[in-house]
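Worksheet: one structure, shown below.
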Amino acid sequence: MEINFTPLLPAAEVLLTALTVLILDLFLEKEEKGLLGWISLLGLAIAAWMVFLLRGSQEGAFQDTYILDSFALFFSALFIGIAAIALLSSLHYLKETDIREGEYHALILFSTFGMILMASANDLIVFFLGLETMSIAVYVLTGMWRARSASSEAAMKYFVIGAFATGFFLYGIALIFGATGSTHFGRLSAFLAQPGLEAPLFFHAGVFLLLIGLAFKIAAVPFHFWVPDVYEGAPTPVSAFMAVGVKAAAFAGWARIFLGQMTPVREDWAAALWMLAILTMTAGNLLAIAQTSVKRMLAYSSIAHAGYLLIGVVAGGDTGGQALLFYLLTYAPMTLGAFAVVVALKSGEQDCESYSDYAGLGWKRPFLAMAMSLFMLSLAGFPPLAGFAGKFYIFRSAVVEGYTNLAVAGALNSLLSVIYYLRVVVLMYMEEGGVEGKSLAAAPFLYAAIFLGVVGTLYLGLLPAAALDLSRVAFLSLR
Amino acid sequence: MELFVGDLSLLVFLPALGALGLLFIPRRMTSELFVVALGSALLTFLWSLWILRRFDPALGEMQLVERISWIPAYGIDYFVGVDGLSLFLVLLTALLGPIVMLASWTIRDRVKEYLFFMLVLETGMLGAFVALDLVLFYVFWEVMLVPMYFLIGVWGGPRRIYAALKFVLYTMAGSLLMLVAIIYLATRNAEVTQLLTFDLLKLYNLNLPYAEQMWLFSAFALSFAIKVPLFPFHTWLPDAHVEAPTAGSVILAAILLKMGTYGFLRFAIPLFPEAALSAAPFMVALAVIGIVYGAMVAMMQADLKKLVAYSSVSHLGFVVLGLFAFNLQGIEGAVYQMLNHGLSTGALFLIVGMIYERRHTRMIDDFGGLWKQMPIFSACFLVVTLSSIGLPGLNGFVGEFLILLGSFQTSPFWTAGAATGVVLGAVYMLWMFRRVVFGPLTRPENQRLKDIGPREIAILSPILVLILVMGIYPRPFLNRMKPAAELVIQRVEGKKAAVPLLEGVTERKEQPVRGN
């Protein structure tokens with residue numbers, strides 16, 4: 001049997017880098033381990049270059065269970081970028097904590113590999129493999145700061161709840177397989193496209209179980225209880241990676257499975273998801289207001305943003321799908337940047353994550369405060385920043401597809417979110433006392449990560465046309 | 001002269017360029033920072049005069065139009081232009097730019113950021129007045145919010161954080177719903193015409209069913225009513241004004257509030273004429289309640305800034321009253337009154353700022369008999385006060401008279417109510433003036449007060465000149481507004497027959513409308 005290896009290249013490159021890092025780690029002295037971060041970044045750069053070379057491809061491998069279409073390429077590029085920024089913002093963090101660099105970098109890469117697998121899956125089982133590869137790597141990452149009990153606690157919580165969600169997902173796959181005789185997306189579509197189809201009840205149950213499994217991964221309310229503790233306990237760069245990467249990968253699943261294959265059975269899930277979207281936005285925002293730690297606030301804010309993203313899934317259709325992909329693109333730089341600023345405030349043993357630590361930052365570290373203000377304003381949806389562009393297209397997709405009520409709910413929720421995002425800005429510029437934060441000289445790569453976040457936030461807000469085109473092409477390749 | 005960016009864009013982005021320039025000047029070089037900021041504000045003003053020269057007074061359509069495709073896939077353009085309705089608001093903004101820079105001369109704290117935000121704010125305001133694409137307008141509309149938030153929150157008074165947050169949340173509450181309405185409107189237009197566009201002039205032609213119009217009008221109107229602020233959405237205003245630094249109050253009163261009334265005139269009314277017609281009695285009622293309520297509350301204030309703030313609520317009620325008369329006098333009067341209020345209330349806040357800098361109090365009771373110590377100041381104050389109460393011969397009279405003339409034709413009952421507001425306005429302003437400027441000079445602190453110096457005279461004199469000119473010779477202003485105002489009226493008149501619900505309004509509108 002002939003195997004077409006071309007579509008596997010980006011994923012294989014990431015995997016290969018991960019293995020290289022893991023093996024090299026054994027032979028390097030402690031002070032030389034800084035090299036591993038650079039090897040990881042180099043590997044990601046090569047993978048990104050491969051994605052670029054393969055653009056426009058539409059090829060399958062392994063009997064078409066793995067497919068590299070524009071959709072997969074879009075997400076591969078996104079994951080690679082997210083991993084790169086997360087790595088940049090952790091280089092310094094790792095030195096301050098006793099996290100082992102070799103394993104850390106390798107795990108980030110493994111998890112990125114899993115994400116790419118999820119986005120490229122054309123079969124429920126392959127998707128599941130990707131989901132598990134990603135999740136298990138992230139469980140370990142969460143608990144990597146072993147000296148801190150919160151980190152281990154978070155890992156345990158995340159693992160138990162994640163395993164639970166996996167159970168739902170797997171059972172859903174089993175039921176769907178039972179009803180259709182296949183896990184391959186192509187044959188699933190063919191099955192659903194039969195005229196006058198009366199799918200057995202357990203098929204619908206299977207769809208619903210998939211939905212619950214994925215809802216856990218994106219932390220939709222009421223499946224969100226693990227998020228605040230896990231995000232708070234995990235090392236901050238890992239929280240950023242989870243908030244953006246894991247979320248984007250899970251939404252790749254939502255897009256491919258629910259907006260792609262499951263569109264014919266929309267009635268099964270659209271209404272439930274409508275409810276879920278509103279609950280997620282509202283609960284996320286309301287709970288975020290009550291937080292006293294910026295990191296925890298960002299955790300709840302990521303829940304709220306999952307709610308906005310779900311609007312795109314509920315709206316469905318081409319506009320919904322494109323808006324969803326574009327939102328993920330805009331969500332990445334601002335959230336990664338915000339978490340990177342949280343990393344920058346950490347000083348020695350102190351985490352400095354509470355609101356009061358941010359007081360007066362605007363006059364002590366003008367760049368950090370300016371960047372953080374941009375991220376906060378962007379997350380709150382102020383134009384002309386990325387967050388506004390993302391919201392604009394998500395709301396538009398809701399209106400176009402006849403869900404104006406969701407757009408109104410989203411708008412009112414944005415108002416709620418202004419309260420807590422602006423609180424950070426208020427403290428940075430209008431109060432005194434608080435911590436110093438790292439200087440540029442102390443953490444140049446962290447600053448580079450923040451700078452990339454600023455550039456992305458401004459670029460996607462001011463000139464979104466090119467990125468919108470990319471999202472459109474990517475989503476339409478699912479059709 | 002046609003630069004590659006276009007004349008209007010240059011006007012809009014000149015202050016932003018100045019703001020960028022500030023970033024390259026070290027923080028400690030305060031006087032250089034001031035010079036650059038003042039210079040770019042002055043350049044902007046001079047350039048706005050060039051815009052005035054290029055403006056053709058005979059045309060009602062948009063002029064100096066520029067259109068660059070921004071997000072082509074979604075029909076969003078960078079699309080700007082001015083007509084007679086926005087021209088003078090643009091000029092007012094550009095005029096107040098250098099004035100507030102001069103008034104900020106005494107700021108010593110974090111000068112660089114302060115000037116930066118002032119200039120960004122100016123770009124936001126100018127952009128909002130010239131934007132003709134709904135998304136572009138929304139972007140500028142929100143861009144104004146952030147610098148104002150910082151100006152109040154960082155350089156404001158003791159309760160600045162509360163006031164700043166209240167200001168942002170109130171404004172956002174309206175504008176986010178407006179965003180959804182904008183999206184909905186463009187989507188409906190795309191369904192009808194198969195063309196996805198956010199171009200205001202194209203969207204004017206869309207005829208939506210009455211029920212949909214009503215919803216969309218409500219969303220737009222809420223956003224603008226909060227900004228105006230129309231009773232009962234005004235509670236953010238006194239807080240914001242009292243806490244804001246002088247320059248912030250001036251800009252807030254003189255220009256930001258005009259965004260609300262301008263929004264009604266440019267967007268809410270012509271986009272949804274049927275809805276606007278049927279909402280008119282309601283809006284007029286709110287406006288008149290605002291006029292009387294604002295005046296009565298202003299009367300009882302002990303704090304000068306609060307008094308001026310509540311007087312704004314009252315004065316802007318007049319503007320809304322004029323707008324919803326839907327006739328030439330009403331609309332021209334409303335636009336004229338927007339300018340008047342910008343000048344006179346702007347000047348009042350400057351004046352309050354001047355005595356606050358000397359005495360560090362704004363309580364009326366702390367003053368009295370100032371004319372002995374500060375004769376020039378008192379003279380300026382008097383002119384501004386008289387302009388604010390609408391003394392014939394000064395600008396306020398022209399605006400108020402036209403508004404009352406216009407609105408009397410459509411709702412005589414409410415106009416009578418509004419006229420009492422004029423009387424009340426005279427009462428609280430003159431009473432305040434008497435307590436501050438006349439009477440015996442009792443307080444020893446006030447006996448050492450110095451009169452205003454050349455810088456402060458330079459700040460006030462352009463405004464005083466305009467107050468006189470606009471009061472004596474309003475023609476050049478009204479002439480330029482007229483064609484554009486007529487277009488708005490046509491748009492509304494054209495729809496009048498289509499509103500079967502509104503027999504009453506239709507009948508009364510049949511009266512001949514005389515031009516100026």
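Chain naming here is simple, since letters A, B, ... match the order of the sequence lines and numbering starts at 1 in each. Because only heavy atoms are used, hydrogens play no part in the values below, and waters and symmetry mates are left out as well, while side chains stay in.
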Exercise for review: Please say which of Y114(B), Y149(B), F117(B), F150(B) ends up in a ring-ring contact (aromatic ring centres under 6.0 Å, His included) with Y429(A).
Suggested key: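 When ring-ring contact (aromatic ring centres under 6.0 Å, His included) is applied between Y429(A) and each of Y114(B), Y149(B), F117(B), F150(B), only F150(B) qualifies.
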Practice item. Just give me the residue among I161(B), T187(B), I183(B), L165(B) that pairs up with chain A most often, heavy atom to heavy atom, under 4.5 Å. Key: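 The candidate making the most pairs under 4.5 Å is I183(B).
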Check your understanding: With under 30° as parallel and over 60° as perpendicular, where do the rings of Y74(B) and Y393(A) fit, or are they tilted in between?
Key ->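 Aromatic pair Y74(B)/Y393(A) classed tilted.
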Check your understanding: To the nearest 0.5 Å, how far apart are CE in M172(B) and CG in L422(A)?
Key ->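 Here the interatomic distance stands at 7.5 Å.
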Review point. Is it the backbone or the side chain of R160(B) that comes under 4.5 Å from a heavy atom of chain A, or both, or neither?
Key: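 The side chain, not the backbone.
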Practice item. Give, as side chain, backbone, both or neither, the part of I182(B) having an atom under 4.5 angstrom from any heavy atom of chain A. Key: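 It is neither, since no heavy atom gets under 4.5 Å.
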Side chain, backbone, both or neither: which part of [X] has a non-hydrogen atom closer than 4.5 Å to chain B?
| X | result |
| --- | --- |
| F392(A) | both |
| L468(A) | side chain |
| Q322(A) | side chain |

Check: [Y] and [X] side chains under 4.5 Å, non-hydrogen atoms:
| X | Y | answer |
| --- | --- | --- |
| R27(B) | P366(A) | yes |
| F382(A) | V168(B) | yes |
| L196(B) | R396(A) | yes |
| L412(A) | L177(B) | yes |

State, to 0.1 Å, how close [X] and [Y] come at their nearest heavy-atom pair, and which atoms those are.
| X | Y | answer |
| --- | --- | --- |
| A411(A) | V180(B) | CB-CG2, 3.6 Å |
| V143(B) | P383(A) | CG2-O, 3.8 Å |
| L415(A) | L169(B) | CD1-O, 3.5 Å |

Practice item. For atom CZ of F367(A), decide whether the heavy atoms of other residues, nucleotides or ligands shown that lie under 6.0 angstrom number more than 12. Key: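 Yes, CZ of F367(A) has more than 12 neighbouring heavy atoms, counting only those of other groups under 6.0 Å.
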Point to revise | Pairs of heavy atoms under 4.5 Å with chain B: top-ranked of L377(A), V399(A), D469(A), L385(A) | key: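 Result: the option with the highest number of such pairs is V399(A).
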Review point. Between the main-chain N or O of P464(A) and the side-chain N or O of W70(B), is there a donor-acceptor pair closer than 3.5 Å?
Key: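 Judged by distance alone, no pair lies under 3.5 Å.
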